[in-house]
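Report on the following structure.
The residues of the chain are indexed from 1 along the displayed sequence. Computation of the quantities below employed the complete heavy-atom set of this structure, encompassing side-chain atoms and omitting hydrogens, waters and symmetry-equivalent molecules.
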Amino acid sequence: TLSMTSAYDLHHRLLPELREIARTRLERRGLSFAPEHLGRWWDLLRPDRPAPEDHFGAGIAETDLRALVDDLEKI
């Protein structure tokens, strides 16, 4: 919930967990954590993604979060 309402919480709390999930699932399939394997989610999950300038800005939309989780489950 916090990650949907706060860019700070998304960046510092949820994204590290999602990166680890993606990395682990890709490695199990012999794939690297790379744009070609994460598709549209690379920009969000990339390790060098800069922290948000507006900590109180919007986080991730619920529909996007659900789609991301669904895609990670398919890996």
Side-chain angles (χ1 to χ4, degrees):
T1 300
L2 291 174
S3 294
M4 289 187 285
T5 58
S6 164
Y8 177 87
D9 288 314
L10 172 64
H11 185 81
H12 292 286
R13 294 184 182 184
L14 184 59
L15 290 182
E17 299 294 328
L18 293 175
R19 281 186 197 108
E20 185 60 28
I21 291 167
R23 182 175 283 111
T24 300
R25 293 182 73 93
L26 287 166
E27 286 176 358
R28 285 184 188 162
R29 294 184 65 203
L31 302 171
S32 61
F33 187 81
E36 59 269 17
H37 300 127
L38 288 169
R40 68 180 179 144
W41 302 115
W42 174 253
D43 191 48
L44 183 66
L45 296 176
R46 66 188 174 101
D48 63 342
R49 184 176 194 258
E53 291 182 21
D54 180 5
H55 288 208
F56 300 104
I60 188 169
E62 182 177 357
T63 55
D64 289 339
L65 181 55
R66 288 181 186 275
L68 171 56
V69 170
D70 287 345
D71 288 348
L72 290 177
E73 288 177 342
K74 293 175 186 173
I75 294 176

Verdict with supporting geometry, Arg28 and Thr24, side chain to side chain contact (heavy atoms under 4.5 Å, CB included): CA-CA 6 Å; Arg28 285 184 188 162; Thr24 300; 3.8 Å; yes
Identify the two heavy atoms, one from [X] and one from [Y], that lie closest to each other, and give their separation to 0.1 Å.
X: Ala7; Y: Ala58; result: CB-O, 3.5 Å
X: Met4; Y: Leu65; result: CG-CD2, 4.4 Å
X: His37; Y: Leu26; result: CB-CD2, 3.7 Å
X: Ser3; Y: Leu14; result: OG-CB, 3.2 Å
X: Pro50; Y: His11; result: O-CE1, 3.5 Å

Point-to-point distance, once rounded to the nearest 0.5 Å, from CG of Leu10 to CG of Asp64: 10.5 Å
Ser6 (side chain) donor-acceptor with His55 (main chain) under 3.5 angstrom: yes
Donor-acceptor under 3.5 Å (Arg25 side chain, Leu72 main chain):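 Indeed, once roles are kept as given, a pair shorter than 3.5 Å links the two residues.
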Ionic contact status for Arg66 with Glu62, cut-off 4.0 Å: yes
Residues in ring-ring contact (aromatic ring centres under 6.0 Å, His included) contact with Phe33, at least two apart in sequence or another chain: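 Trp42.
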Min side-chain heavy-atom separation Leu38-Ile75 under 4.5 Å: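 Side-chain contact under 4.5 Å: yes.
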Common cluster, Leu44/Leu2, ILVMFWY with side-chain heavy-atom separation under 4.5 Å: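 Cluster IDs for Leu44 and Leu2 differ.
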Co-membership, hydrophobic cluster, residues Trp41 and Ile21, 4.5 Å side-chain: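 Yes; tracing contacts between hydrophobic side chains, which count when under 4.5 Å, links both residues.
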Pair Glu27-Arg23, side chain to side chain contact (heavy atoms under 4.5 Å, CB included): steps then yes or no: CA-CA 6 Å; Glu27 286 176 358; Arg23 182 175 283 111; 3.5 Å; yes
Glu36, CD: over 12 other non-hydrogen atoms inside 6.0 angstrom: yes
